[in-house]
Amino acid sequence: MATIKDIATKAGVSIATVSRVLNYDPSLSVSDETKKSIFEAAEELSYKKRGTKKFSSTKIAIIHWYTEIEELNDLYYMSIRLGIEKRCKQHGISIKKYFLDDMDELKKLDIKGIIAIGKFSEKQVSQMESITGNIVFVDSSPSDEKFDSIVIDFKAATKRVLDYIIAKGHTEIGYIGGRETFKDQTAEIADEREITFRSYMKELGLFKEDAFYIGAFKVESGHELMAKAIKDHGSRLPTAFFTGNDSIAIGALRALHEAEIDVPGRVSVIGVNDISISKYIHPPLSTVRIYTELMGETAVDTLVERLDGRTVAKKVYIATKLVVRKSSNE
């Protein structure tokens with residue numbers, strides 16, 4: 001495993017700066033560019049290179065639904081992007097990165113395929129389709145019949161976490177999650193983690209509405225909502241929390257630390273994604289590992305198949321794994 005010193009060396013900053021950035025220290029004043037270099041160094045050092053044969057040179061576009069600043073608040077998409085970029089390099093594919101506002105520019109270029117990272121409205125999908133029919137969606141599936149997609153079974157992952165928490169003796173279990181809307185604000189996006197937590201816990205007779213918190217998939221939101229939970233429940237605070245992603249979990253851990261609540265002695269916390277910094281925070285975060293770099297690699301390989309002539313759409317589910325560290329009962 002790469003160390004904080006390795007990350008500091010690669011990013012060209014001090015070990016102390018890396019430690020504070022990885023723990024989202026709010027008192028640290030560094031530029032977004034420095035944060036980006038540290039996060040990308042952490043991701044790259046965690047990435048395992050896989051060999052492959054070269055593919056004939058061609059141009060594809062990566063369309064992000066997150067801006068570079070938003071990536072810093074949710075490293076899940078940064079890791080997917082880096083996996084795509086590395087796999088394209090292995091295939092000899094030329095790539096250009098765009099955001100949603102740039103799609104008019106794409107129509108002027110000779111783009112053979114698109115990898116779309118994130119979640120997109122019907123209008124946005126139609127815009128992409130007007131550029132090329134060779135589209136692979138990563139982290140969403142607008143149409144199983146028309147488009148290739150690389151996705152995660154969050155329903156199964158959520159149930160696996162809850163089964164683990166309950167097996168450890170917890171019956172008072174809280175949830176802190178986030179909600180998103182399409183960038184064109186046409187609709188709110190349903191989140192499978194939130195939906196499954198609610199339905200499965202009701203099925204088990206353990207759901208408590210007053211321990212269910214929804215904000216944004218950001219560190220700040222996790223901190224704010226855990227602080228609210230501590231205030232709301234006092235000594236009756238749930239003994240375990242499942243959070244919608246690692247960013248929320250990092251903020252939640254900070255709120256528990258500020259309140260001098262022992263983790264995992266008093267409260268266990270489990271996140272989702274296993275972003276590269278999860279093992280460096282204090283305490284190291286238990287989380288559902290999503291193989292984000294593999295999602296990126298698979299998206300490129302799937303697009304290559306399309307460019308080679310495959311016409312039937314396919315949907316690929318990437319496996320997940322629960323990784324238990326010190327933020328939950330072992």
Side-chain angles (χ1 to χ4, degrees), residues 1-49 62 64-89 95 97 99 117-118 138-139 178 216-224 243-255 257-258 269 271-297 323 325-327:
M1 182 182 89
T3 66
I4 288 180
K5 182 179 179 181
D6 295 330
I7 296 170
T9 300
K10 188 172 182 63
V13 297
S14 70
I15 292 173
T17 297
V18 170
S19 179
R20 293 175 70 184
V21 167
L22 296 186
N23 282 279
Y24 284 86
D25 185 339
S27 67
L28 178 64
S29 178
V30 297
S31 69
D32 287 334
E33 193 60 37
T34 298
K35 290 180 183 177
K36 183 171 182 287
S37 67
I38 290 170
F39 289 140
E40 288 192 344
E43 291 291 342
E44 289 170 4
L45 287 169
S46 296
Y47 183 90
K48 294 180 181 178
K49 186 174 180 180
I62 301 175
H64 302 260
W65 84 312
Y66 265 23
T67 65
E68 288 186 325
I69 299 301
E70 287 173 322
E71 271 193 342
L72 297 179
N73 291 318
D74 188 351
L75 302 182
Y76 174 76
Y77 290 107
M78 175 185 285
S79 181
I80 292 173
R81 173 176 60 79
L82 291 174
I84 291 170
E85 291 174 358
K86 289 174 183 292
R87 193 62 155 182
C88 282
K89 186 176 181 181
I95 57 173
K97 293 177 285 186
F99 296 99
I117 308 172
V138 189
D139 199 45
F217 289 105
K218 298 179 179 179
V219 174
E220 294 78 9
S221 185
H223 179 266
E224 177 185 332
T243 66
N245 73 352
D246 289 351
S247 296
I248 292 173
I250 290 168
L253 286 173
R254 192 169 78 223
H257 176 72
E258 290 170 354
V269 176
V272 176
N273 293 346
D274 196 24
I275 56 177
S276 57
I277 68 172
S278 297
K279 50 185 163 293
Y280 299 110
I281 64 175
H282 180 74
L285 180 64
S286 294
T287 181
V288 176
R289 175 173 294 162
I290 295 177
Y291 296 94
T292 44
E293 73 277 5
L294 180 59
M295 291 175 73
E297 291 177 337
V323 178
R325 299 192 180 104
K326 292 184 179 180
S327 71

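The minimum heavy-atom distance between Ala249 and Thr243, with the atom names listed, is CB-OG1, 3.3 Å. Counting all heavy atoms, side chain and backbone alike, Lys35 lies closest to Val30 at CG-CG2, 3.8 Å. Ser79 approaches Thr292 most closely through the heavy-atom pair OG-OG1, 2.5 Å. The minimum heavy-atom distance between Ser37 and Ala11, with the atom names listed, is O-CB, 4.0 Å. Minimum heavy-atom separation, Phe217 to Ser247: O-CB, 4.0 Å.
Among residues at least two apart or in separate chains, ring pair (Phe, Tyr, Trp, His ring centres under 6.0 Å) pairs with a member in residues 15-40 are Tyr24-Phe39.
No option in Val269, Ile277, Val323 other than Val269 meets the side chain to side chain contact (heavy atoms under 4.5 Å, CB included) test with Leu285.
Residues that satisfy the salt bridge (charged side-chain N to carboxylate O under 4.0 Å, His left out) test with Asp246, not counting sequence neighbours, are absent from this structure. Evaluation of the salt bridge (charged side-chain N to carboxylate O under 4.0 Å, His left out) rule for Glu40 yields Lys36, Arg81 as partners, not counting sequence neighbours. Partners of Lys97 according to the salt bridge (charged side-chain N to carboxylate O under 4.0 Å, His left out) rule, which considers only residues two or more places apart in sequence or in another chain, are Glu85. Partners of Glu258 according to the salt bridge (charged side-chain N to carboxylate O under 4.0 Å, His left out) rule, which considers only residues two or more places apart in sequence or in another chain, are Arg254. Remark: Pro283 engages Leu253, Val263, Lys326, Ser327 in a side-chain contact (heavy atoms from CB on, under 4.5 Å) (not counting sequence neighbours).
Side-chain contact, Asp6 with Thr9: no donor N or O sits under 3.5 Å from an acceptor N or O.
Ring geometry for His64 versus Phe99: interplanar angle of 30 to 60°, hence tilted.
Note: His257 NE2 to Ile281 CD1 = 12.5 Å, rounded to the nearest 0.5 Å. Rounded to the nearest 0.5 angstrom, Ile15 CD1 and Thr3 OG1 are separated by 7.5 Å. The CG atom of Asn245 sits 10.0 Å away from the OH atom of Tyr76 when rounded to the nearest 0.5 Å. To the nearest 0.5 Å, the span separating CD on Glu293 from CD1 on Ile84 amounts to 12.0 Å. Separating the CD1 atom in Ile95 from the NZ atom in Lys89 is a distance of 10.5 Å, to the nearest 0.5 Å. Rounded to the nearest 0.5 Å, atoms CD1 (Ile7) and CD1 (Ile38) are 8.5 Å apart.
Between Asp32 and Ile69 the shortest side-chain heavy-atom distance falls below 4.5 Å. For the pair Asp274/Arg325, a side-chain contact is recorded, criterion being any heavy-atom separation below 4.5 Å from C-beta on. Looking at Asp139 and Ile117, their side chains never come closer than 4.5 Å, going by heavy atoms from C-beta outward.
No donor-acceptor distance shorter than 3.5 angstrom exists from the side chain of Ser19 to the backbone of Ala16, with no hydrogens or angles considered.
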